[in-house]
2 protein chains.
Amino acid sequence: MTVTLADVAARAQVSPATVSRVLNGNYPVAAATRERVLRAVDELDYVLNGPASALAAATSDLVGILVNDIADPFFGIMASAIQNEIGGPGGRAGGERLAVVCNTGGSPERELTYLTLLQRQRAAAVVLTGGAVEDAPHVAAVAAKLRKLAAAGTRVVLCGRPPAPDTEAVALTFDNRGGGRELTEHLIGLGHRRLGYITGPKERTTTRHRLEGHRAALAAAGIEEDPRWTVHGGYDRGAGHEATLELLRRDPSLTAVVAANDSVALGACAALRESGLRIPEDVSVAGFDDLPFSIDAVPALTTVRLPLAEAGARAGRIAMGREEAPPDGIATITGELTIRGSSGPPGH
Amino acid sequence: MTVTLADVAARAQVSPATVSRVLNGNYPVAAATRERVLRAVDELDYVLNGPASALAAATSDLVGILVNDIADPFFGIMASAIQNEIGGPGGRAGGERLAVVCNTGGSPERELTYLTLLQRQRAAAVVLTGGAVEDAPHVAAVAAKLRKLAAAGTRVVLCGRPPAPDTEAVALTFDNRGGGRELTEHLIGLGHRRLGYITGPKERTTTRHRLEGHRAALAAAGIEEDPRWTVHGGYDRGAGHEATLELLRRDPSLTAVVAANDSVALGACAALRESGLRIPEDVSVAGFDDLPFSIDAVPALTTVRLPLAEAGARAGRIAMGREEAPPDGIATITGELTIRGSSGPPGH
DNA sequence: CCTCGGATAGAAAGCGCTTGCTAGAGAAGG
DNA sequence: CCTTCTCTAGCAAGCGCTTTCTATCCGAGG
């Protein structure tokens, strides 16, 4: 039926051990023998049995990448960069590793299940991207899993996610708080005093940090925040659209809307326009992330640029052991305030 | 070190065979015994060894999803839908399958390598998404691989990709030609006679089909196409931006620009605006796919809506054998012309 | 009371590959 | 010319799980 190592060995007139060694290239094999084996492999069209190999060697070449939403370019861009460094086919690295992107949909259960699945596959490494859910039991459960994975020799890297305490996981964290603060400071600097804020999904670290940054900026400027100015939403444009309508209903005198991310900001722009408001003359809008489409919005979006691809690449290299982990296993990556047309002085 | 089936068996005072049966649930086990085993599993925190299981059972629960560009929502949306049906954690289906998204970057070699990797892992199913490269040797190589995969029991489904001849692969194809034609007919109907076209990457089926549809519409309307009106590009906004500038340079009298997809269209809009042209008063723009951000463009993009999520879901179900394949293994999925603000009558 | 059949559980033979150890063959050294 | 290495290649023992075949235990039927 299927061709096995033994078949190749028979054809090349060598032992299975030799074939294995030729294929793995980690043991001296005479050139002539190697040649013969390779020819046999080719002639028989042999394909290694991954599971058998993984079982015998007690390692696999699977690398897991967990993302919250695969349809969101925020994750797509990171995943792409990670995968590139992981050394999948054509990637920068040599080995042929299978990078598997797992879509958790932001659900804690799915996240946990995927981690178990990866543990089951004896994954070589796991990269968790994006914000984490803050529910205490879940945080503990994830930490426990990560510890187990690490114990089994799986390298764990967090990319754009806060550190996991009591864990060997390396963390590359985005400075969401700082970015949020800068953004709002910029708006305040333009003269805004009444700013609406649309958050991401509740219970997410990213959501909380960006909001905290926003509030820190307000506090620093001595602006007292009105509770009506904050609306909880999600990370998609629809959420931004609805939330903006709600904000306008609550306080039509707002002169700026800060969104949890660019997609939300886009939805906000749409809602504002539908309401007959001009951007930025009547209301300024700001996003976060600087995804590719943000520059094409009209007006172009003021936002905080996050080096998604760079962070992903670095995470990938660390996961493969090709780059040293940052001191203490934690590195903070800062965003860059990017001012464009969607923000301007209020009320003119 | 790691807990094995045997450990669990010892703890539960049964044979390894019984534990395996409890875990797989495909053989009668007395309730009391099952109970005992489950408790042992829990107490020892046992995690099945995937490779060992796959080796012994000669099957795995891996499902591969090949995409051309994971950072592009076009693929993200499909992948997400597929994964949901595949029955990954939390998905609709029961089993816990590991859906792995592989990013080929549009490269034929990577595509082939990933297929080999999946074959190596004895994947349960493989879904290939998006347009294919048309290079003859590569098409043959892929077909050969797909045949081999099918022979090994792997179900193969193509989603948004033309059928692979001489293959058992089920194909859900998008009617790119028809969509392209409708779109251009719409523009011609508005009165446009000089239409620029920005293609996707060369040698891709999607690129060719959309362009063919466009030309068919021109021909049907008796419009003779000027070679200068076609610029070859890519699928990202940058390509659209550049290509549009080039189109304007070649023939400033164009009254409409048809783009290979929405991202390209967005880039085109930006370029037009920079050139001081209004949309749609001076130049109409049309995209393709109707990605989420297209409705938020200003003006909102006229495009062809492709039911990405639906198609993905269906592909996923077929891959899992939960839905019957279409007759002859081929189904054509049509897009829906979606007219919005970016297209209007020329020259007013 | 004995036999037979249905339900459960166990024994054991692999699944295809890796790798520690051993063996043979020349090359080099004494 | 024999011993001692250095190279290569083979042997064989698993890796941890699944599954066929067999054994055992009971209650039912004769």
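Between B:Arg314 and B:Glu323, at least one side-chain N (NZ, or NE/NH1/NH2) sits under 4.0 Å from a carboxylate O, which counts as a salt bridge. The pair A:Glu85-A:Arg322 meets the salt-bridge criterion, since a charged nitrogen lies less than 4.0 angstrom from a carboxylate oxygen.
The CD atom of A:Gln121 sits 15 Å away from the P atom of D:dG16 (whole-angstrom rounding). When rounded to the nearest whole Å, the span between CG of A:Asn24 and C1' of C:dG16 equals 13 Å. Taking atom CG on A:Leu23 and atom P on C:dT18, their separation rounds to 7 Å, with Å as the unit. Going from atom CD of A:Gln13 over to atom C1' of D:dT8 covers 17 Å, rounded to whole Å.
Which of D:dG16, C:dG16, C:dA11 sits closest to the side chain of B:Thr4 comes down to D:dG16. For B:Leu48, the side-chain atoms get nearest to D:dT18 when compared with the rest of D:dT18, D:dG16, C:dT18.
For B:Arg11, the side-chain hydrogen bond (donor to acceptor under 3.5 Å, both in side chains) criterion is met by B:Glu43, not counting sequence neighbours. In this structure A:Ala309 satisfies the side-chain contact (heavy atoms from CB on, under 4.5 Å) test together with A:Ile77, A:Ala81, sequence neighbours excluded. Residues passing the side-chain hydrogen bond (donor to acceptor under 3.5 Å, both in side chains) test with A:Ser15 are A:Thr18, sequence neighbours excluded. Under the salt bridge (charged side-chain N to carboxylate O under 4.0 Å, His left out) criterion, A:Arg161 pairs with A:Glu111, sequence neighbours left out.
Between A:Thr18 and D:dG10 there is a side-chain N or O to OP1 or OP2 distance below 4.0 Å. Between B:Ser53 and D:dT18 there is a side-chain polar atom (N or O) within less than 4.0 angstrom of OP1 or OP2. The shortest distance between the side-chain N/O atoms of A:Asn49 and the OP1/OP2 oxygens of C:dC15 is not below 4.0 Å.
Heavy-atom minimum distance, B:Ala315 versus B:Leu172: N-CD1, 3.6 Å.
Proximity of a side-chain donor or acceptor of A:Thr104 to a complementary backbone N or O of A:Arg110 within less than 3.5 Å is not detected.
Listed by residue number, A:Val29, A:Ala30, A:Thr33 are the residues of residues 29-37 of chain A with a heavy-atom contact under 4.0 Å to DNA chain D.
A donor-acceptor contact under 3.5 angstrom links the side chains of B:Lys145 and B:Gln119, judged on distance only.
Residue contacts for B:Val14: at a heavy-atom cut-off of 4.0 Å it reaches the sugar-phosphate backbone alone, with no base atom in range.
Take the nearest nucleotide of DNA chain D for A:Leu55 and for B:Ser20: the residue whose nucleotide is more 5' is A:Leu55.
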Please tabulate the protein-to-nucleotide N/O contacts below 3.5 Å involving nucleotides 20-28 of chain D, giving atom names and distances.
{"residue": "D:dT20", "atom": "O4", "partner": "B:Arg21", "partner atom": "NH2", "Å": "2.5"}

